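What follows is one structure encoded as structure tokens, with my remarks underneath.
Scope of the values below: all heavy atoms of this structure, side chains included, with no hydrogens, waters or symmetry mates. These numbers were taken from a predicted model, which means no experiment stands behind them. Sequence positions, counted from 1, serve as the residue numbers for this chain.
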Amino acid sequence: MAPSAERPLWQGSATLDIPHGRGRQQAETVVIGGGIAGLSTAFHLARNGHDVAVLNAGTALGLATRASAGIITGQLVRNTPASIMKRLGKAEGSRLLEAVAASPRETFALIREQNLTCGAMPNGFLAPFFGNGQRERQTVADWQAWRQDMSLLDAKQTAQLTGCQGYAGAVLDRSGGGVNPAAYADELGRRILEEGGRVFNNCRVTSVTRDTGNGATRWLVSFPGGEFVARNVILAANGGNQFLHRALRHAVLPLPVLEVATAPVSPALRKVILPQRHALTDLATDVFSIRFDTEGHLITAAPAPEHFDWARIEGSINDRLEKAIPGWERLPLEFAWTGTAWLRSDCVPRMPILDEGLLAIQACNGRGLAINTLAGGDAANWILSAGRDLPRLPTSRPRAVPGFMLLRHVPRLIMTAARLRARVTQMIKRPAA
């Protein structure tokens, strides 16, 4: 009988002995959030001898991180270099594009330098598309000012590298790939502890309050059973940031996502599907995404269901894979789990400076592993330089999403509508019996 509950794929590198926070403590910098953004920040601080403490709300590091597919890519979501330059201007837009382009390289460089055991697969990232490819051709050309590791593939090349049918071409990002995100989080946590930093689990922060007593700004970070006093605070709690500072309220929208992994694919089919082990996420509204882990499980995603029905999910996932991949051999699902991607309405990642010694890493729009690794390094540099080294991501305060209470369901509705439209189109094209 198929399981009736979620079963996550990703396991960490090993169990970390992380205590629960208790009582009143002090640190030079407190990082709120035990995901990649917070862990990268803390690691880069700790390796420079800085007194840093990470407060993680969960019982394991990177609960949102563990819910991802583990894809590493340096591409934008719903934006192009031209749209970013128009939205942000030449100076700020250039810095953001430089950061996005550099984020996979910096992520894999960190993994290599620190010898992190996290199933790294730096094999590249494919973004296939339908249509005439005019937009994608211009996008690749526009990226050349910041990177030379991106190219455009034609339909034949795309079919050979993906094993999928129907695409007109693909954007190839040679800097991308994949990792085991749970192991990546645990390995960063281990390095923080080895460098003298502190990490605490079960510390769900309830408030961050400014204290200007004695003429110096300090921050009081409170959680059930304890409190930290710190000179600097980094808000790296993903969607939870909105509950910690007024300027971040209603600034991001939730997109519930279902991730699944099949039983290991046969050796013969593995030679056809992503033969060079790229990761793939296409550019359709009804996003299709696949990648292999190191054990040969095929990982893919879908909008999160209202009710977790393992048999129904297994059937619909196989139907979609069968439609996309010629010769697909239907397989049982061994793993299925849900998570939430947090999106800004403009899909632009930001690192707003909120106050003296207070900075947030805000919404990476489904590109969190690479962007957050880079953002953590930049946040650490901002602290170590006493604010002189600004992050490469935009630092202005985000605007609240207009009509947030209505629009918070829009991401899920858009994905559902796109899927229904694709089904209707398929039915219309199907020949009569």
Side-chain angles (χ1 to χ4, degrees), residues 31 33 35-48 50 52 61-62 65 68-77 81 84 92-125 127 143-150 172-181 183-192 195 197 234 236 238 278-279 348-351 359 361-385 389-395:
V31 177
I36 298 304
L39 295 171
S40 176
T41 302
F43 167 73
H44 284 94
L45 288 172
R47 74 188 302 191
N48 282 282
H50 190 84
V52 60
L61 295 176
T65 299
S68 76
I71 290 176
I72 302 291
T73 178
Q75 295 194 38
L76 295 160
V77 178
I84 290 295
E92 196 171 40
S94 257
R95 285 176 62 82
L96 172 59
L97 294 172
E98 175 194 350
V100 171
S103 60
R105 296 194 299 271
E106 293 192 14
T107 300
F108 285 122
L110 176 64
I111 290 170
R112 288 193 303 271
E113 291 165 4
Q114 295 298 315
N115 194 27
L116 306 184
T117 306
C118 58
M121 300 174 70
N123 303 78
F125 174 82
W143 269 117
Q144 297 307 305
W146 294 276
R147 61 194 306 179
Q148 284 72 52
D149 54 11
M150 185 179 286
L172 170 60
D173 170 8
R174 293 186 294 278
S175 70
V179 297
N180 174 333
Y184 184 34
D186 283 354
E187 287 284 274
L188 282 175
R190 186 190 320 284
R191 293 300 187 274
I192 292 166
E195 296 288 352
I234 302 296
N238 205 352
H278 296 94
V348 175
R350 295 180 182 272
M351 292 177 64
L359 177 145
I361 301 173
Q362 187 72 3
C364 290
N365 308 294
R367 297 288 189 260
L369 292 177
I371 289 288
N372 280 334
T373 299
L374 175 142
D378 281 9
N381 288 338
W382 179 75
I383 289 172
L384 294 170
S385 70
D389 291 346
L390 290 178
R392 283 166 281 182
L393 303 186
T395 57

Closest non-hydrogen atoms of A380 and T41, given as atom of the first, atom of the second and distance, are CB-O, 3.8 Å
| task | Please lay out, stage by stage, how L369 and I71 fare under the test side chain to side chain contact (heavy atoms under 4.5 Å, CB included). | result | CA-CA 7 Å; L369 292 177; I71 290 176; 5.9 Å; no
R174 side chain to Q148 main-chain N or O, any donor-acceptor pair under 3.5 Å? yes
All heavy atoms of L61 vs all of A185, minimum pair found to be CD1-O, 3.8 Å
CG (L39) and CZ (R191) are apart, to the nearest 0.5 Å, by 12.5 Å
Indicate yes or no: at least one non-hydrogen side-chain atom of I192 is less than 4.5 angstrom from one of L45. no
* Can you tell if the side chain of Q75 reaches within under 4.5 Å of the side chain of M150, non-hydrogen atoms only? -> yes
- Answer whether the closest heavy-atom distance between the side chains of V52 and F43 falls below 4.5 Å. no
In this structure, CG of L76 is separated from CG of L97 (nearest 0.5 Å) by 6.0 Å
Looking only at heavy atoms, the pair that brings V77 and R367 closest together is CG2-CG, 3.7 Å
ask   = Side chains of Y184 and T107: is there a donor and an acceptor less than 3.5 Å apart?
value = no
Rounded to the nearest 0.5 angstrom, the OG1-CD1 distance for T73 and I371 is 9.0 Å
- Item | Close side-chain approach of P122 and R112, heavy atoms under 4.5 Å | no
Practice problem: Begin from the C-alpha positions of L393 and R350 and carry the test side chain to side chain contact (heavy atoms under 4.5 Å, CB included) through to its verdict. | Solution: CA-CA 5 Å; L393 303 186; R350 295 180 182 272; 5.8 Å; no
Distance col, row M121:CE vs I72:CD1, nearest 0.5 angstrom, shows 12.0 Å
Heavy atoms of C118 and A183 approach each other most closely as CA-CB, 3.7 Å
Item checked: Heavy-atom check, side chain of N381 versus side chain of H44, under 4.5 Å -> no
Apply side chain to side chain contact (heavy atoms under 4.5 Å, CB included) to residues R95 and L390 and explain how you reach the verdict. CA-CA 10 Å; R95 285 176 62 82; L390 290 178; 4.1 Å; yes
>> I'd like to know whether I111 forms a side chain to side chain contact (heavy atoms under 4.5 Å, CB included) with E187, so could you lay out the CA-CA distance, the side-chain angles of the two residues, the decisive distance to 0.1 Å, and finally the verdict.
In response: CA-CA 9 Å; I111 290 170; E187 287 284 274; over 6 Å; no
Pairwise side-chain contact, N372 with S40, heavy-atom cut-off 4.5 Å (strictly under)
no
Evaluate the side-chain proximity of L188 to T373: yes if any heavy-atom separation is below 4.5 Å, no if none is. no
A side-chain contact here means heavy atoms from C-beta on lying under 4.5 Å apart; do W146 and P81 qualify? yes
Residue pairs passing the side-chain hydrogen bond (donor to acceptor under 3.5 Å, both in side chains) test with at least one member in residues 96-106, sequence neighbours excluded, are R105-D149, E106-R392
Correct closest heavy-atom pair for F108 and A120 would be CE2-CB, 4.2 Å
Looking only at heavy atoms, the pair that brings A99 and L374 closest together is O-CD1, 3.4 Å
